[in-house]
Each structure stands twice: as C-alpha cells, then as structure tokens.
There are 2 protein chains.
Amino acid sequence: MTESLQIQLKKGVLEMCVLALLSKGDNYAYDIASRMAEAVGMGEGTIYPLMRRMQNDGLVSTYLQESGSGPPRKYYKLTKSGANALKAQVSEWIVFETAVRKILGDAT
Amino acid sequence: MTESLQIQLKKGVLEMCVLALLSKGDNYAYDIASRMAEAVGMGEGTIYPLMRRMQNDGLVSTYLQESGSGPPRKYYKLTKSGANALKAQVSEWIVFETAVRKILGDAT
DNA sequence: AATGGTACCTTGCACGGCAAGGTACCATGT
DNA sequence: ACATGGTACCTTGCCGTGCAAGGTACCATT
C-alpha cells in the first residue's frame, strides 16, 4: 500500500513530463519510455496508450522514419496546442507542489 | 483533459498529506476534508474511504468524542507505524518531485 | 415547523498506470 | 542455417483511488 504511492503519483504527471521531453526535440515512444523508466519508473506498457491519447487530443503529431537498426520509428512532435498544454500544466504543477510543501511544512 | 491533471495529481499524495496533518495533532475526518479541500481541492467523498484504508493499514487509530455542536466526532490519531509511513512517503515524494523538476528543466 | 450547519457514510463511475503478452525487424554468433 | 538478443511497435485485462451525488442524523436558530 505504501509502495503504491509512487504509482499513484505518476498519474497526471506523466503527460506533462512527456510534453516537456518533446519540447526539447521530436522523439519516439520507445526512447521516451526508456528515459521515463529511468527517471520515474514508468512501465513501457504505459507509453503507448498515453501517446495515443495525446495524439487524439491534438497535443502531438507523428511521422515515420527509418532507423537503420530495427523497425521504423514513429516520431512524435509537439503541436502548438501541445506547447500551450505544457505551459498550463507546468503552472498547475507548481501550484500543486507548493500546496503540498505547505501542508508538509516542518514534517520535511 | 487538461483539468484532469489536478485530479490525477492528488492520487497518492492525499494519504501523505493527511498523515502530515495528523502529525500535528489528532483530528476528525470532516475537518481534515475541509482543510484539504481548501489546499488541493479534495472532495469530501474522498476522505472517508481514505481514512478507512489508513485504519485498515494500521496507520491511524480512532476514538469518539462529543462535540457539543452536532454529532460526536471520530478523531484519528497517528500510530507509530503511521509516523514511519509519513517519513517514508515524504522522502519518496522528494525523490519524485526532484525527478519531475529535472525533467521539466528549463521548461519551467 | 423549517432551515442550515455539522458530521458521519455509501454507491457507481471514470481515469490511467501496470504486468504480461504478442508481433516484427535486424545484427551477431555458432 | 538458425538461435539469440536488442530494438520498436502495440493490446488486453486488472486494479487502485478520487469524484459526484446521494443519504442519515444531530443540533441550533428562525
């Protein structure tokens, strides 16, 4: 139950993190997943539904590109609306983080 | 979809916040809910299942106390194991927060 | 009697991460 | 030739948990 904290925490934040990664350059799901796995322990099975959702919401667009090693990669690119969403979510995150820090207060 | 971020963010963090509140003194669900509603927008319907879970997990114990105004209150008190859980969760939170900040990087 | 605040609680729903599994391509080793 | 292992895509079914909406009951005020 205690260990579910990490899992639950991720909800909602992953989309923002993916948007942030993409804001630094186009990328493909497998690589994003690897980075996120290292950073916050995201499972690979999580990325594909997430990318699909983001595409449906118009936050990213895609294009295929050969890789030379392995199957072709599907690159994701931030749209303008994705960039806006990133800004909005980052400021929400900061508000939230601040509120939590305030509650924790001296418990930190 | 964007506004669901706030909702999702709460998952996993609420337990830690409640533990933090209780570490400053015993309290009853209704009051905890009010404070959390103000701080992070938690709905009242969320607190009762949460408190029940925490009690089942042995993080809190309860006692009844008359209030003079309205029905008797069920006070929650942190157990030792609850205090330990708080410490653990706070350090997990800090790790997570740091990882997210690193990913956001200059997007902030 | 009726309203409104306090305080408890339940039910049904939706969202989204996870584990486990599956497909296919390519390079390397034996 | 074939097996192994890495890359890269994707799907399915499950589970935890916050939410909205609703329900009960006590008490004070109007």
Side-chain angles (χ1 to χ4, degrees), chain A residues 1-19 26-37 39-57 59-60 62-76 89 96 99-100, chain B residues 1-18 26-37 39-57 59-60 62-76 89 96 100:
Chain A
M1 188 114 286
T2 300
E3 57 199 338
S4 76
L5 190 147
Q6 293 283 12
I7 297 175
Q8 299 304 325
L9 268 178
K10 294 169 199 171
K11 303 191 177 183
V13 175
L14 291 185
E15 178 176 302
M16 177 181 69
C17 291
V18 170
L19 288 174
D26 300 359
N27 209 344
Y28 54 101
Y30 189 79
D31 187 63
I32 295 173
S34 308
R35 293 173 191 274
M36 300 290 284
V40 293
M42 186 187 73
E44 196 209 334
T46 301
I47 195 69
Y48 297 100
L50 176 56
M51 297 315 293
R52 168 103 19 102
R53 251 180 277 143
M54 289 171 66
Q55 189 172 7
N56 288 342
D57 293 345
L59 305 181
V60 297
T62 65
Y63 56 95
L64 281 175
Q65 194 166 295
E66 295 296 327
S67 73
S69 70
R73 297 166 177 162
K74 189 195 270 182
Y75 277 82
Y76 293 86
Q89 291 188 21
F96 183 79
V100 170
Chain B
M1 186 116 284
T2 300
E3 57 199 337
S4 77
L5 189 146
Q6 291 284 12
I7 296 176
Q8 299 303 325
L9 269 178
K10 294 170 198 171
K11 303 193 178 183
V13 176
L14 290 185
E15 179 176 301
M16 176 181 69
C17 291
V18 169
D26 301 357
N27 209 344
Y28 54 102
Y30 189 79
D31 188 64
I32 295 172
S34 308
R35 292 173 193 274
M36 300 291 284
V40 293
M42 187 187 73
E44 196 210 334
T46 302
I47 195 68
Y48 296 100
L50 176 56
M51 297 316 292
R52 168 104 18 104
R53 253 180 274 144
M54 290 172 64
Q55 189 172 7
N56 288 341
D57 293 344
L59 305 181
V60 296
T62 64
Y63 56 95
L64 281 177
Q65 194 165 296
E66 296 296 326
S67 74
S69 70
R73 295 166 178 162
K74 188 195 271 182
Y75 277 82
Y76 292 88
Q89 291 188 21
F96 184 80
V100 170

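As the structure is a computational prediction, the values presented were derived from the model and not from experiment. In what follows, every chain begins at residue 1, and chains take the letters A, B, ... in the order their sequences are listed.
- B:M16 has its CE atom 16 Å from the C1' atom of D:dG18, to the nearest Å.
- Atom-to-atom, CD1 of B:I47 to P of C:dT10 comes out at 14 Å; the value is rounded to the nearest Å.
- Summarising the geometry, the separation between CG on A:L50 and P on C:dC15 is reported as 15 Å, rounded to the nearest angstrom.
- Applying the 4.0 Å criterion to OP1 and OP2 of C:dT10, one finds that B:R52 has a side-chain N or O inside that range.
- Between A:E15 atom CD and C:dC15 atom P the separation is 13 Å, expressed in whole Å.
- By the side-chain contact (heavy atoms from CB on, under 4.5 Å) test, A:E66 pairs with A:P72, sequence neighbours left out.
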Expected string for nucleotides 2-8 of chain C under the B/S/- scheme (protein heavy atoms, under 4.0 Å, primed atoms plus P, OP1, OP2 as sugar-phosphate) is ----BBB
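- Ring orientation note: the planes of A:Y28 and A:Y75 are nearly perpendicular, at an angle over 60° on the 30°/60° scale.
- Between the CE atom of A:M51 and the C1' atom of C:dG16 there is a distance of 15 Å, given to the nearest Å.
- For the pair B:M36 CE and D:dG18 P, the interatomic distance rounds to 9 Å; values are reported in whole Å.
- Rounded to whole Å, the distance from CG on B:N56 to C1' on D:dT17 is 15 Å.
- Residues satisfying the ring pair (Phe, Tyr, Trp, His ring centres under 6.0 Å) test with B:Y30, not counting sequence neighbours, are none.
- B:A29 pairs by the side-chain contact (heavy atoms from CB on, under 4.5 Å) definition with B:I47, B:Y48, B:M51, B:Y76, not counting sequence neighbours.
- Scanning for salt bridge (Lys or Arg N to Asp or Glu O under 4.0 Å) contacts around A:R35 gives A:D31, with sequence neighbours left out.
- Partners of A:D26 by salt bridge (Lys or Arg N to Asp or Glu O under 4.0 Å), not counting sequence neighbours: none found.
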